[in-house]
Engineer: 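Okay, handing you the structure first.
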Number of protein chains: 2
Amino acid sequence: MNLTVAEENYIKSIYKLQDGQAVVSTNAIAYELDTKPASVTDMAKKLKEKKLIDYEKYQGISLTAEGKRIALQIVRRHRLWECFLVEKLSFSWNEVHEIAEELEHVRSEKLINRLSEFLGNPTTDPHGDPIPDAQGKFSKTKQLISLDKATARRLEVAGVADQSSALLEFLNAKGIRLGTQIDVIERYEFDNSVEIKIRNQPAFTISEQVSKNIMVKTL
Amino acid sequence: MNLTVAEENYIKSIYKLQDGQAVVSTNAIAYELDTKPASVTDMAKKLKEKKLIDYEKYQGISLTAEGKRIALQIVRRHRLWECFLVEKLSFSWNEVHEIAEELEHVRSEKLINRLSEFLGNPTTDPHGDPIPDAQGKFSKTKQLISLDKATARRLEVAGVADQSSALLEFLNAKGIRLGTQIDVIERYEFDNSVEIKIRNQPAFTISEQVSKNIMVKTL
DNA sequence: AATATAATTTAGACAAATCTAAATAATATT
DNA sequence: AATATTATTTAGATTTGTCTAAATTATATT
């Protein structure tokens, strides 16, 4: 799929605006890209033709799976270049956006993967925004309970929010340390407790207080 | 002067092909850019309008001073990116051209000057081609006699090709060492000898053998 | 000098990405 | 429900960079 710079910018804007919403409006995209709604309609037809968006007249726009995949690539390129500019070329984080806006359109997978490696495979950019990996996955770092609503998924312990010895003692007793892999078996809404399992051990349940203080990332 | 990518590519090709020639042909440019002569004629009119080339129907094309200035900027960007790709991202020198071809069109003086600094202000790229500085000047490193044909110019000694003690002794006796600034006063074609002068000393003449072994750069 | 060949330009067309102005559809308000 | 407002689309035009085919100019050859 060979996209023009204009097409890439539309994909990126739609991705940015979609976030949660089912569908993005013509007007919103026009405003975001500083262009006119009529131009957005024109481009929507082309992107639909290329199967990168779902679009029916007057019904709004949303990315297809393939469109989203491409959007994540563009976001990855943008954020890695921002890292490079700040960490290697000593730019300040508030002046890198425009330059990264241009660099992100240089298309070479090899280039971007080498760049990522050169930067130590960072997972967030200088603004704190997460950087998707080559497969488009975010390595999310967050509290078990608050954000990761999925059940039956494997997570890796990445840190603790509360450094109190009481918590550390508890985690130690349960065999939970940095890097430990945890399978989430069930979440109970009535008290926000979570049933988890560590490899080769029987499952057990942790309270909301505990789950709110363990930072994990997805694998 | 805000140029499109296409305009920059034309400028770059004309610069490359001009080298010595008074004028470049429509056909040569078309071949170089893998396009048609008719397209070159169209673009020639635009670039003439912008005063970047001298062009009269059927008379060939040449860069104006401003056009050359811009060409040197593009060459600088291209070669610095090649350095980056090879030295920092471990690409091999034969696979960087295409990527640099894209990166060179990202226009930010600050970016390119920071990149140059980051790379240690290199003066040649991985293919051995010289990199112009921010002012468009080459820091040429070469044998006195072979390439630098200009008379009455100041040069700086940058090294010796022949490490024999005989040569080093001679240079020492004449007060010529690394960094010494030399004014070339006259070149004599019949024996390729060169009359030179070092600050505060009487002028003297060096033979072809000697001049062929002193590496200098322009200031 | 006449003619053949090669180089260059012109004329007219096309695709991409945009625009303005007018038309149409969806939504909100009375 | 009728009307006003807002959102969206269509139609037609523009700019940039390109193309093909035909016309023109320059150069080489006899």
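Note that the structure is a prediction, hence the values are computed from the model and not measured. Sequence lines set the chain letters: A, B, ... in the order given, protein chains first and strands last, and positions in each chain run from 1.
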Engineer: Between CZ of A/R77 and CD1 of A/I112, what distance do you get to the nearest 0.5 Å?
Structural biologist: 6.5 Å
Engineer: Nearest-nucleotide wise, let me know which of B/G60 and A/K36 is further upstream toward the 5' end of DNA chain C.
Structural biologist: B/G60
Engineer: Choose from C/dT10, D/dT18, D/dT9 the nucleotide whose nearest atom is closest to any side-chain atom of B/T35.
Structural biologist: D/dT18
Engineer: Would you please confirm or rule out a distance under 4.0 Å between OP1 or OP2 of D/dT6 and any side-chain N or O of A/N27?
Structural biologist: no
Engineer: Just compare D/dG17, D/dT9, D/dA21 and give me whichever is closest to any side-chain atom of A/A38.
Structural biologist: D/dT9
Engineer: Categorize A/Y31 for me: base, sugar-phosphate, or nothing, with a 4.0 angstrom heavy-atom threshold over every strand shown.
Structural biologist: nothing
Engineer: Can you tell which of C/dA16, C/dA26, D/dT10 lies closest to the side chain of A/T4?
Structural biologist: C/dA16
Engineer: Any side-chain N or O of A/Y10 less than 4.0 Å from the OP1 or OP2 oxygen of C/dT18?
Structural biologist: yes
Engineer: Checking side-chain contact (heavy atoms from CB on, under 4.5 Å) against B/V106, which of A/H105, A/E101, A/E102 comes through?
Structural biologist: A/E102
Engineer: Distance check: side-chain N/O of A/S39 vs OP1/OP2 of C/dC19, anything under 4.0 Å?
Structural biologist: yes
Engineer: Of the listed nucleotides (C/dA26, D/dT18, D/dA26), which one gets closest to any side-chain atom of B/M43?
Structural biologist: D/dT18
Engineer: I want to verify a distance call: between D/dG17, D/dT9, C/dA17, whose nearest atom is closest to the A/K57 side chain?
Structural biologist: D/dT9
Engineer: Could you grab the distance from atom CG of B/L85 to atom CG of B/L80, nearest 0.5 Å is fine?
Structural biologist: 11.0 Å
Engineer: Quick one: label B/T26 by what it contacts on the DNA or RNA (base, sugar-phosphate, nothing), any heavy atom closer than 4.0 Å.
Structural biologist: sugar-phosphate
